[in-house]
Amino acid sequence: MPMNGSLRIDGEDDDYLIKSVNGSIVLKTEDGDVNLKNCKGDDFEIEIEDGDLRMDGGKGSLYVNMDDGDADIKAGDFRDVFIDVEDGDILLETALVDEGRYDLKGDDADMELVVLSGGGLFRISKDDGRVRASSDFDLLRETDYRVEYELPNGQAEVSIKTNDGRIRLQKD
């Protein structure tokens, strides 16, 4: 397959290891793990019912929808992120760009967001969850169900929602 080619997979019960695809990737599977390595495209759409996502790199737009599984995304440079995980954990390492939108949602999900560069406003909604942030983040407001932080040097908008999960924010 050419490195700049795009990939569309509609699978069922398979595991996927995808390397060095630099076009868009659209992957939908029921039960299986997905591992994306050195994929430098700028449009990723991943849907997994029962399985884990491991991703190293990527930029542009990232859409992830998962039922039961963990999303582990490292070394990203995304401008538009939507991740929804029902019962699993989220680790997202990405640079934040000005005017970028980053939405993380989870029912019983623990979430860790590592900001590689950039900054912005972080709005967090929680029911029984707990929020921790490194000293790089400035606390703006805190109530029982909402927390707002600001990370200087950027204009990104980050929205995080969880019912019963723990949230951790840090700057790399």
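Because only heavy atoms are used, hydrogens play no part in the values below, and waters and symmetry mates are left out as well, while side chains stay in.
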Phe82: hydrophobic cluster co-members (side-chain, 4.5 Å): Tyr63
Apply the hydrophobic cluster definition, ILVMFWY joined by side-chain contacts under 4.5 Å directly or through others, and give me every member besides Tyr145. none
Those residues that, when tested against Arg146, pass salt bridge (charged side-chain N to carboxylate O under 4.0 Å, His left out) (two or more places apart): none
For residues 109-120, which side-chain N or O atoms pair as donor and acceptor with protein atoms under 3.5 Å away, sequence neighbours left out?
residue, atom, partner, partner atom, Å
Asp110, OD1, Arg166, N, 2.9
Asp110, OD2, Arg166, NH2, 2.8

Any side-chain heavy atom of Asp108 within less than 4.5 Å of one from Thr162? no
Taking the side chain as every heavy atom from C-beta outward, state whether Val85 and Asp87 have any atom pair closer than 4.5 Å. no
Given side chain to side chain contact (heavy atoms under 4.5 Å, CB included), test Ile18 with Leu27 step by step and report yes or no. CA-CA 11 Å; Ile18 300 169; Leu27 194 148; 3.7 Å; yes
Please list all pairs meeting ring-ring contact (aromatic ring centres under 6.0 Å, His included) that have one or both residues in residues 5-36, counting only residues at least two apart or in different chains. none
Sequence neighbours left out, what pairs pass ring-ring contact (aromatic ring centres under 6.0 Å, His included) with at least one residue falling in residues 149-172? none
Nearest 0.5 angstrom please: Asp164 CG to Asp127 CG, how far? 6.5 Å
Heavy atoms only: give me the nearest Ser159-Lys161 pair and the separation to one decimal. OG-CE, 4.0 Å
Least distance between heavy atoms, Asp70 atom then Met66 atom: O-CE, 3.4 Å
Step by step, work out the side chain to side chain contact (heavy atoms under 4.5 Å, CB included) result for Leu92 and Val81. CA-CA 10 Å; Leu92 174 62; Val81 172; 4.1 Å; yes
Give the intermediate values and the outcome of side chain to side chain contact (heavy atoms under 4.5 Å, CB included) for residues Ile160 and Leu169. CA-CA 11 Å; Ile160 300 174; Leu169 304 175; 3.9 Å; yes
Please report the C-alpha distance between Leu7 and Val26 in whole Å, then the side-chain angles of each, then the deciding distance to 0.1 Å, and finally whether the side chain to side chain contact (heavy atoms under 4.5 Å, CB included) criterion is met. CA-CA 6 Å; Leu7 186 62; Val26 177; over 6 Å; no
Residue pairs fulfilling side-chain hydrogen bond (donor to acceptor under 3.5 Å, both in side chains) with at least one residue in residues 71-84, sequence neighbours excluded: none
Please report, to 0.1 Å, the donor-acceptor pairs under 3.5 Å made by any side chain of residues 28-43, with sequence neighbours excluded.
residue, atom, partner, partner atom, Å
Thr29, OG1, Glu12, O, 3.2
Asp33, OD1, Asp52, N, 2.8
Asn38, OD1, Lys40, NZ, 3.1
Asn38, ND2, Ser20, OG, 3.4

Let me have the donor-acceptor pairs involving side chains of residues 129-142, under 3.5 Å, with sequence neighbours excluded, atom names and distances please.
residue, atom, partner, partner atom, Å
Ser134, OG, Asp136, OD2, 3.2
Arg141, NH1, Glu148, OE1, 2.5

Please list, chain by chain and in numerical order, all residues satisfying side-chain hydrogen bond (donor to acceptor under 3.5 Å, both in side chains) with Arg168, sequence neighbours excluded. Gln170
Applying side-chain hydrogen bond (donor to acceptor under 3.5 Å, both in side chains), can you list everything that pairs with Ser24, at least two apart in sequence or on another chain? Ser6
Please identify which of these residues, Glu49, Glu47, Glu86, Glu45, meets the side chain to side chain contact (heavy atoms under 4.5 Å, CB included) condition with Asn65. Glu47
Result block: side-chain N/O donor-acceptor pairs under 3.5 angstrom for residues 94-107, not counting sequence neighbours:
residue, atom, partner, partner atom, Å
Thr94, OG1, Gly76, O, 3.4
Thr94, OG1, Phe78, N, 3.1
Asp98, OD1, Gln155, N, 2.8
Arg101, NH1, Glu157, OE1, 2.8
Tyr102, OH, Phe78, O, 2.6
Tyr102, OH, Val97, N, 3.0
Asp107, OD1, Asn163, ND2, 2.3

